[in-house]
Amino acid sequence: MESEDEEDDTVLPDLPNAEDTDDVRMRLAPNPNGPWHIGHARMPAVIGTYAEEYDGEFIVRFDDTDPETKRPLLWAYDEILDEVEYLGFEPAEVYKASDRLETYYDHARDLIEKGGAYTCSCSGETFSELKNDAEPCPHRDKDPETTLSEFEAMVDGEYESGEKVLRVKTDIEHKNPALRDWVAFRIIDTPHPREAADQYRCWPMLDFQSGVDDHLTGVTHIIRGIDLQDSAKRQQFVYDYFDWEYPEVVHWGHVQVDEYDVKMSTSTIRELIEAGELDGWDDPRAPTIPSVRRRGIRGEALVDAMVQLGTSTSNVDLAMSSVYANNRELIDDGADRYFFVREPHEDFTVTGNAPDAAHPPVHPDHEERGTRDIDPGSRVRIEEADVPEDGERIWLKGFGCFRRDGTKLDYAGDDITAVREEGVDVIHWVPADSATLTQMRKKEGDVVGYAEPGFREAEPDEMVQFERVGFARVDRQEADDETVVYFAHK
RNA sequence: GCUCCGUUGGUGUAGCCCGGCCAAUCAUUCGGGCCUUUCGAGCCUGUGACCUGGGUUCAAAUCCCAGACGGAGCACCA
C-alpha cells in the first residue's frame with residue numbers, strides 16, 4: 001500500500017538542483033539579538049526537514065556583525081541553540097561571524113587587489129544621490145594600493161564611525177539601483193559585546209560577510225526571506241571576482257501568526273518586557289518560542305505546521321489552530337484527566353443518597369491507568385456557566401445526577417439515560433473542602449480556580465487535560481498550596 | 001521615482017515550466033450527523049477558491065497582453 005518509489009510524504013517542493021550535489025548543506029543564520037519569536041521557527045523547521053529529506057545537514061551561523069543597531073544579547077546565542085534543539089534539530093557545526101573578522105579582512109584585501117573594491121568617504125546622502133543618478137563617486141577610480149592602505153587604516157581603527165567605508169565595485173549603471181556599489185565594510189565605534197570580538201571596529205555588512213561565509217563553509221542551498229531578494233544579485237559580483245559558484249537560493253515571504261495581540265518582532269517584545277507589560281520572553285501572551293514551549297506545545301507540532309506553509313514567495317499567515325491540532329495529536333494520549341473549575345459559582349451543598357466517592361477514569365481511552373478517587377465531601381463547586389436553573393438536573397461527571405434545589409444539589413440517581421435521552425448536561429466539578437487552588441496562565445489573561453485534590457500531586461512539566469477546559473502544562477507546585485499551570489489549547 | 005516579486009476556498013497548500021484526465025488536491029477551520037458520563041479523538045457528511053479584462057486555441061488555473069491589488073529592495077540593519 002505504500003508507494004514503491006519513496007516515502008514521499010513531504011509537502012515541501014524539491015530543492016533546486018539537489019540531485020547534482022553529493023551533500024545538501026544549508027545554513028541557519030540567526031541574529032542573536034534576542035530569543036526567537038514564533039516566526040523564526042520556520043527557518044529551522046524547513047531547513048532541518050530538507051536536511052533530513054536529502055540526507056544532508058545544516059550549520060548554524062550567528063550573523064552578529066552589528067554591535068550597535070542589532071546588538072547581540074550574550075545569552076541569546078545559547079538560547080537560540082536550545083530552541084533549535086527543542087524544535088528537534090541538530091546543527092552539524094556552529095559558527096559566529098564575530099569570530100571570523102580576520103577571514104573577512106583577508107578576503108577584502110584579495111578583493112581590493114583584484115580591483116573589486118574601493119574605499120569611499122562620501123556621506124551616505126551624497127553617495128545615494130550619485131548612485132540614483134548612476135554616477136560614480138570621485139573615489140571609485142582610486143588605485144588598489146591606495147585603497148588597500150586606507151582599508152588597513154580602517155581595520156587599525158584610524159577612522160571614526162561614518163568617516164570611511166569599503167564599497168564593492170559592481171556596475172554603477174546597473175538598472176537596479178539596489179545593486180550599485182554597495183557597502184562591504186564600515187566603522188562601528190561601539191565595541192562588540194563578545195569579549196572575543198570587542199577589539200574590532202571595522203565590521204563587514206551582511207552581504208559581504210554572509211556571501212564569503214556561505215562559500216567558505218560549503219553551503220549548497222540558501223533559503224531566505226524576500227527582504228533579501230537582492231542579496232544574491234549583490235553578492236554575485238563578489239563571487240564573480242573570486243570566481244566562485246553561487247549556491248542555489250530559495251526566497252520566501254514573511255510569516256504572520258494569528259491569535260496574538262502582540263506584534264511579532266524581537267524589538268517590540270523586548271520593549272514590552274522592559275516596560276513590564278510582559279513578564280518575560282516566556283510570558284503566555286508573548287508570541288515567542290519560549291512561550292509556546294512553556295505552554296507545553298511540542299516543537300514537532302510547530303515544525304509540522306511551518307513545513308506545511310511551504311516556501312511560497314507570498315506572505316503567509318500561520319494559523320495557531322493548526323499548531324494546536326498537531327500538538328493535540330501528540331499529547332492527548334499521554335495527558336491524564338483532571339477537573340478544574342474556573343472562577344466558580346458559590347458552593348452547593350450535596351444532599352440525598354449520593355455515593356461516598358466519585359471515580360472518573362484517569363484517561364477515557366486507557367482503562368488500565370485506573371480511576372481518580374474524589375471524595376466530594378458535603379459541598380461541591382461548579383462553574384458559573386454550568387449552574388442549572390432551580391429545579392433542573394445536572395450530571396456531575398463520574399459522580400451522578402443531581403437536581404438543584406436552591407443552594408443544594410439533591411442526588412437524583414445514577415441512571416445514565418438522563419444524559420443519553422433526557423438532555424441532562426454533564427459537567428465537571430470539584431469538592432469544595434479539598435479542592436486545590438490553581439492558577440492558569442493563558443494568552444487571554446490569567447484564570448484562578450480550583451482543581452480536584454489529586455491535582456496537587458501532578459508533576460511539573462506534565463501535560464494534563466482539564467476536562468471540558470483544555471490541555472495545560474503543569475508549571476510548578478507553589479509552597480502555599482497553589483499550583484500554576486500554563487494553558488496550551490482546547 | 002527606479003528595480004524585483006507575487007495574486008487558487010476562512011487559513012495554508014497542490015496543479016502553472018511541458019494547455020485537455022482540474023466542475024481543481026491535501027491539511028486545518030467552519031456547519032450537520034453518529035458515537036461518547038468531558039474535551040479531544042474516531043466515523044459519516046456538507047459549505048467553500050483559480051484577482052479583473054482582453055487575446056491565442058477545438059480546449060486556459062495553466063500561454064500572451066493590459067490593468068487592479070499586495071509584498072519587497074534602492075541603509076555605513078540583519
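Throughout, a chain's letter reflects where its sequence line sits, starting with A, and its residues are numbered from 1.
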Taking [atom1] from [X] and [atom2] from [N], how many angstroms apart are they, rounded to a whole number?
{"X": "A:Phe471", "N": "B:A41", "atom1": "CZ", "atom2": "C1'", "answer": "9 Å"}
{"X": "A:Leu330", "N": "B:G40", "atom1": "CG", "atom2": "C1'", "answer": "13 Å"}
{"X": "A:Leu302", "N": "B:U28", "atom1": "CG", "atom2": "P", "answer": "17 Å"}
{"X": "A:Asp171", "N": "B:U3", "atom1": "CG", "atom2": "P", "answer": "14 Å"}
{"X": "A:His251", "N": "B:C5", "atom1": "NE2", "atom2": "P", "answer": "11 Å"}
{"X": "A:Asn176", "N": "B:G1", "atom1": "CG", "atom2": "P", "answer": "16 Å"}
{"X": "A:Lys131", "N": "B:C2", "atom1": "NZ", "atom2": "C1'", "answer": "10 Å"}
{"X": "A:Trp36", "N": "B:A78", "atom1": "CH2", "atom2": "P", "answer": "18 Å"}

The side chain of [X] is closest to which nucleotide in this list: [options]?
{"X": "A:His254", "options": "B:U3, B:G71, B:A78", "answer": "B:G71"}
{"X": "A:Met205", "options": "B:U29, B:U7, B:A78", "answer": "B:A78"}
{"X": "A:Asp63", "options": "B:U11, B:C76, B:A78", "answer": "B:A78"}
{"X": "A:Lys397", "options": "B:C74, B:C76, B:U37", "answer": "B:U37"}
{"X": "A:Ile416", "options": "B:U37, B:U29, B:C77", "answer": "B:U37"}
{"X": "A:Arg234", "options": "B:C76, B:G73, B:G12", "answer": "B:G73"}
{"X": "A:Thr313", "options": "B:C5, B:G40, B:C74", "answer": "B:C5"}
{"X": "A:Arg186", "options": "B:C76, B:U29, B:U3", "answer": "B:C76"}
{"X": "A:Ala325", "options": "B:U28, B:U13, B:G73", "answer": "B:U28"}

Now, which nucleotide makes the Watson-Crick or G-U wobble pair with [N], with each of the two distances under 3.5 Å?
{"N": "B:C74", "value": "B:G1"}
{"N": "B:A14", "value": "none"}
{"N": "B:U52", "value": "B:A66"}
{"N": "B:A24", "value": "none"}
{"N": "B:G9", "value": "none"}
{"N": "B:C43", "value": "B:G33"}

When rounded to the nearest Å, what value does the distance between [atom1] atoms of [N] and [M] take?
{"N": "B:G9", "M": "B:C21", "atom1": "C1'", "answer": "23 Å"}
{"N": "B:U47", "M": "B:C51", "atom1": "C1'", "answer": "22 Å"}
{"N": "B:U13", "M": "B:C18", "atom1": "P", "answer": "24 Å"}
{"N": "B:G70", "M": "B:U56", "atom1": "P", "answer": "31 Å"}
{"N": "B:G15", "M": "B:C50", "atom1": "C1'", "answer": "10 Å"}
{"N": "B:G54", "M": "B:A61", "atom1": "P", "answer": "14 Å"}

Just N and O in the side chain of [X]: are any of them under 4.0 Å from OP1 or OP2 of [N]?
{"X": "A:Arg328", "N": "B:U29", "result": "yes"}
{"X": "A:Lys233", "N": "B:U3", "result": "no"}
{"X": "A:Arg420", "N": "B:U37", "result": "yes"}
{"X": "A:Ser322", "N": "B:U29", "result": "no"}
{"X": "A:Ser312", "N": "B:G6", "result": "no"}

Scan [X] against the nucleic acid and name what it touches under 4.0 Å (heavy atoms): base, sugar-phosphate only, or nothing.
{"X": "A:Cys122", "answer": "base"}
{"X": "A:Ser128", "answer": "sugar-phosphate"}
{"X": "A:Gly253", "answer": "nothing"}
{"X": "A:Pro360", "answer": "nothing"}
{"X": "A:Asn326", "answer": "nothing"}
{"X": "A:Leu179", "answer": "nothing"}
{"X": "A:Thr65", "answer": "sugar-phosphate"}
{"X": "A:Leu206", "answer": "base"}
{"X": "A:Asp332", "answer": "base"}
{"X": "A:Lys70", "answer": "base"}
{"X": "A:Gly398", "answer": "base"}
{"X": "A:Asn315", "answer": "sugar-phosphate"}
{"X": "A:Val316", "answer": "sugar-phosphate"}
{"X": "A:Ile226", "answer": "sugar-phosphate"}

Where do A:Phe208 and A:Tyr104 land on the ring pair (Phe, Tyr, Trp, His ring centres under 6.0 Å) test, with the steps shown first?
-> CA-CA 8 Å; A:Phe208 188 87; A:Tyr104 309 135; 7.1 Å; no
Whichever of A:Ala319 and A:Gly400 has the more 5' nearest nucleotide on RNA chain B, that residue is A:Ala319
On RNA chain B, check which nucleotide each of A:Gln308 and A:Val469 is closest to and give me the residue with the more 5' one.
-> A:Gln308
Calculate, to the nearest 0.5 Å, the distance between atoms CD and CZ belonging to A:Glu384 and A:Arg342 respectively.
-> 12.5 Å
Under the 3.5 Å rule, do the base of B:A72 and the side chain of A:Gln229 count as making a donor-acceptor pair?
-> yes
Quick one: does A:Asn132 reach the base of B:G1 with a side-chain donor-acceptor pair under 3.5 Å?
-> no
Is a side-chain donor-acceptor pair under 3.5 Å present for A:Asp304 with A:Gln308?
-> no
Between A:His221 and A:Asn17, a side-chain donor and acceptor under 3.5 Å = no
At their closest point, which heavy atom of A:Leu87 faces which heavy atom of A:Pro44, and how far apart are they?
-> CD1-CG, 3.6 Å
Find out whether the Lys NZ or Arg CZ of A:Arg167 is both under 6.0 angstrom from the six-membered ring centre of A:Phe127 and within 45° of the ring's axis.
-> yes
Under the 6.0 Å and 45° cation-pi test, does A:Lys169 pair with A:Phe237?
-> no
Return the orientation label for the [X] and [Y] ring planes: parallel under 30°, perpendicular over 60°, tilted otherwise.
{"X": "A:His215", "Y": "A:Tyr239", "value": "perpendicular"}
{"X": "A:Trp36", "Y": "A:His40", "value": "parallel"}
{"X": "A:Tyr338", "Y": "A:Phe455", "value": "perpendicular"}

